[in-house]
Amino acid sequence: MAQSVTQSQPEISVQEAETATLDCTYDTKDSNYYLYWYKQTASGQMIPIIRQEAYKQENATENRFSVNFQKAAKSLGLKISDSQLGDAAVYFCALQEHTVRQAPGRG
């Protein structure tokens, strides 16, 4: 299935201890999917920060990171509370469709 993910902010700047908010919009025809935010360190390592399941109404939260998931608007914002120097990085939003396909010749 065709899908797309768009991040409109090329960069943002915040002071330490402030809250940073990143925006992501996506498009998919699938109804069962996962959304992720990753952090890319200076060494190039991709670190998964948080995952949001499409079927969950409640916004995912992980330590200082939380999301604002708007399924109808196809939007997933990332909020970083109490920003720290170590949060300076490139952040990526990703979509994984969770389509179950039956193997040929079975069932």
Search all heavy atoms of [X] against all heavy atoms of [Y] and return the closest pair with its distance.
X	Y	answer
Ser31	Lys71	O-NZ, 3.8 Å
Gln7	Cys93	OE1-N, 3.0 Å
Tyr91	Leu78	CD2-CD2, 4.0 Å
Ile50	Glu62	CD1-N, 3.7 Å
Thr21	Gln9	O-NE2, 3.3 Å

Kindly indicate whether the side chain of [X], heavy atoms from C-beta on, has any atom under 4.5 Å from the side chain of [Y].
X	Y	answer
Leu95	Thr28	yes
Cys24	Val5	yes
Gln45	Gln40	no
Asp23	Thr25	no

Tyr36-Phe92 aromatic ring centre distance below 6.0 Å |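 No: the rings miss the under 6.0 Å criterion.
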Shared hydrophobic cluster, Val67 / Ile12 (ILVMFWY, side-chain heavy atoms < 4.5 Å) =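 Same cluster.
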Met46 reachable from Leu22 in the ILVMFWY side-chain graph, under 4.5 Å edges =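 Looking at the clustering, Met46 is in a separate group from Leu22.
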In Å, rounded to the nearest 0.5 Å, how long is the span from OG1 of Thr19 to CD1 of Ile80?
->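 The OG1 atom of Thr19 sits 9.5 Å away from the CD1 atom of Ile80.
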Rounded to the nearest 0.5 Å, what's the gap from NZ on Lys29 to CD on Gln3? Could you check?
->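 One gets 12.0 Å once the value is rounded to the nearest 0.5 Å.
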Worked check of side-chain contact (heavy atoms from CB on, under 4.5 Å) between Asn68 and Leu76 | CA-CA 6 Å; Asn68 179 14; Leu76 183 75; over 6 Å; no
Could Arg64 and Asp82 be called an ion pair, given the rule that one side-chain N must be under 4.0 Å from one carboxylate O?
->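 No salt bridge links Arg64 with Asp82.
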With no hydrogens and no angle check, is any side-chain donor or acceptor of Glu18 less than 3.5 Å from a backbone partner on Ser81?
->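 Checked: no pair found.
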Do the side chain of Lys39 and the main chain of Ala89 share a donor and acceptor less than 3.5 angstrom apart?
->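 No, Lys39 side chain to Ala89 backbone: no donor-acceptor pair under 3.5 Å.
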Candidate list Tyr33, Trp37, Tyr34, test ring pair (Phe, Tyr, Trp, His ring centres under 6.0 Å), partner Tyr26, passing option =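 The residue from Tyr33, Trp37, Tyr34 that satisfies ring pair (Phe, Tyr, Trp, His ring centres under 6.0 Å) with Tyr26 turns out to be Tyr33.
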Mark yes when over 12 heavy atoms from residues, nucleotides or ligands other than Glu58 sit less than 6.0 Å from its CD; otherwise mark no.
->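 Counting other residues, nucleotides and ligands, CD of Glu58 stays at 12 neighbours or fewer.
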Who passes ring-ring contact (aromatic ring centres under 6.0 Å, His included) against Phe65, sequence neighbours left out?
->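 Once residues adjacent in sequence are excluded, Phe65 has no partner under the ring-ring contact (aromatic ring centres under 6.0 Å, His included) criterion.
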Is there a side-chain contact (heavy atoms from CB on, under 4.5 Å) between Thr41 and Ile47 once you walk through the steps?
-> CA-CA 8 Å; Thr41 64; Ile47 301 169; 3.4 Å; yes
Derivation of the side-chain contact (heavy atoms from CB on, under 4.5 Å) call for Ser66 and Lys79 = CA-CA 5 Å; Ser66 62; Lys79 184 169 86 172; 3.6 Å; yes
Test log, rule side-chain contact (heavy atoms from CB on, under 4.5 Å), inputs Ile49 and Tyr38 | CA-CA 5 Å; Ile49 297 173; Tyr38 291 90; 5.9 Å; no
